[in-house]
Amino acid sequence: MLVGQFPSDLEIEGRQTVLILLAQIKNISNGIVVGQPDIWILESAEKLTSWQGISNVIISSLAAAISFLGGLYGVSLIKPEFRARNSVEVLLLAGLAVCSVIAIITTIGIVFSVIFESIRFFKLIPPLEFLSGTVWNPEFEGAARAGSGQEGRAAYGSIPLFAGTFLISIIALSVSVPVGLLAAIYLSEYATRRVRGTVKPLLEILAGVPTVVYGFFAALTIAPFFRETGVLLGLDVASESALAAGFVMGIMIIPFVSSLSDDVINSVPQSLRDAALGLGSTKSETIKKVVLPAALPGIVASIILAVSRAVGETMIVVMAAGLAANLTANPLDAVTTVTAQIVTILVGDQEFESAKTLSAFALALTLIVITLVLNFFALQIVKKYREQYE
Amino acid sequence: MLELGEVIVNCADVSVFYGDTRAINNISIDIEKQSITAFIGPSGCGKSTFLRTINRMNDTIDSCRIEGRVKVDGEDIYAPSVDVVPLRAKVGMVFQKPNPFPKSIYENVAYGPKIHGLSNNKNHLDEIVEKALTRAGLWAEVKDRLHDSGTGLSGGQQQRLCIARTIAVEPQIILMDEPCSALDPIATSKIEALMSELSAEYTIIIVTHSMQQAARVSKRTAFFHLGDLIEYDSTDTIFTNPKEQKTEDYITGRFG
Ligand SMILES: Nc1ncnc2c1ncn2[C@@H]1O[C@H](COP(=O)(O)OP(=O)(O)O)[C@@H](O)[C@H]1O
Ligand SMILES: [Mg+2]
């Protein structure tokens, strides 16, 4: 509408100018005046302001009218035979259904967009190369890969990334599983009610610490500590090492393991402990031979959930493990993980169409599949376990 | 006065407290060896609590405290030097709700002998398991599926499995806390028949809220009320000619 008001002698130099002018007018009408605008621009701005005023009036009177009419309609509905409760129920039901559908659709949407982008990636890079290549180096995209087969061509072998993820997860698990499990056994079997009441919430606070905090703890405290210890022992520890990242990640997932395992151990019926004690088992025999085996499926499930946490963890790795896609089993080297690579690929500017960017989707897809499978197994085990005790 | 044969459990002035509340008041009672003694009384009167003092299962309850003296086989089981592990092997327990371990039938029975080192080779362990299951009247039903889970058996079979598990460690005394209250009449009659058989070798103390059951299986009966031992006599006397008014009221169904 406003554009129609522009002076006819104004040379329209294409859409761009019109947009700029419009923006200028809007700014002025909002009270932001830059420099000495043309008279006609000021006039337009005034017009815009008055239009906005009018439209505000129209909008509010419309709203008032609608609510008034709605109110009338509502009042007219109130009759003895009108079952308000039923309609409210239906409305509530619809609202709840819509919310859950939104959640499901969003998830499906995300998965599909990842799948479609991955398909585009796999058109550029054969899946076999992606899944079995041992070199990850997306940085050389500029040197056209379709070209002369020159050196420095980008490589998209994801094995080093998954190996790095695996290595760090193993280190994290070897910290968190023993500590978490023993803590759970202590809490559920030995601790007095008071100790349990204080320690358990404390442990759960650990789970609430943002991972970025763990990340800089790893990068600034643990990694230098490991490097210096390494120097003392005559070992060559990279300043960003899988060990530091894995160790801190292990600390991060201790509360997952301990809290879930503690719940599982607690849900082993007291009658089983009584049976074992009644047969003359000591407390530790009861725990080792009866309680833990009975709780084992649940414990395994909690460990699997912890693994999928570790696999998906990003911040700690970005900050402490480095970004070098080394294929190594040496925990003292720098490695990188799938999630950390996704971050580096997508941070900074690059064309959306490039194989490098698309590779993030392929990585994400693989990661989603892995964690889905892990969670599926964990839930399956938990379900079996529940059935065992009704 | 009640004439007893050889006495295996001797309790003198036993009181049990949960925190500050007294659940058992100064009970003194002698239990005859190799016979069945029933504890009856309205629920909440302390039968289970008293039964659990005999193998010190009350130790597992933090708030529980006991006064007085309990002797098993002439030995004071609350003396500081006593180890509860061999005590509980000697005084086995069967619980109200069947509680087999979520392990195979075989492993359920072999559990006790294994932890007590009663057997050092597989063949011997197999023998122990077979013998215990046979004595519990379960062998014929499970011999083809020893390695199936014990929790897959019916309720009555599970309870007999628990009895087999208990007798596999060769106890002298078996404490049974309402062992049939979760079972149907057929399973109950099987367990009762089993108890009568076992009483030739074992001393059995059974808590029951079913007076018919006490009358059917036991030789002696003790009637508890509100933490007191009201009357203790031969089962016949208790059910036909009780001396205490409370006992008579209870067995004739006037309260409880
Ligand atoms: N673990 C416990 N903690 C506190 N009080 C208990 C506990 N177990 C039993 N009691 C109390 O002791 C009394 C006797 O209980 P119990 O021995 O189970 O009776 P019964 O087996 O004859 O039904 C009851 O008043 C009961 O509330
Ligand atoms: Mg009871």
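Hydrogens, waters and symmetry mates play no part in the numbers below; they use all other heavy atoms, side chains included.
For residues 274-291 of chain A, the interface with chain B (any heavy-atom pair closer than 4.5 Å) comprises A:D274, A:A275, A:A276, A:L277, A:G278, A:L279, A:G280, A:S281, A:T282, A:E285, A:T286, A:K289, A:V290, sorted by residue number.
Taking CZ of A:R273 as the reference point, atom OG1 of B:T60 lies at 11.0 Å (rounded to 0.5 Å).
The local environment of NZ in B:K90 is crowded, with over 12 non-hydrogen atoms from other residues, nucleotides or ligands closer than 6.0 Å. Heavy-atom neighbours of A:Y190 OH from other residues, nucleotides or ligands within 6.0 Å: above the threshold of 12. Annotation: B:Y78, atom OH; neighbour count of heavy atoms from other residues, nucleotides and ligands within 6.0 Å is above 12. For B:D20, the CG atom sits in a loose shell: 12 or fewer heavy atoms of surrounding residues, nucleotides or ligands are nearer than 6.0 Å. In the displayed structure, B:D62 atom CG is contacted under 6.0 Å by at most 12 heavy atoms of other residues, nucleotides or ligands.
Remark: B:R135 engages B:E170, B:E201 in a salt bridge (charged side-chain N to carboxylate O under 4.0 Å, His left out) (not counting sequence neighbours).
Looking at B:F95, the atoms closer than 4.5 Å to chain A (heavy atoms on both sides) all sit in the side chain, from C-beta outward. Heavy atoms closer than 4.5 Å to chain A are found in the backbone of B:P100, but not in its side chain. Of the two parts of B:R56, neither the backbone nor the side chain holds a non-hydrogen atom closer than 4.5 Å to a non-hydrogen atom of chain A. Proximity to chain A (any heavy atom under 4.5 Å) is restricted, for B:V91, to the backbone atoms N, CA, C and O.
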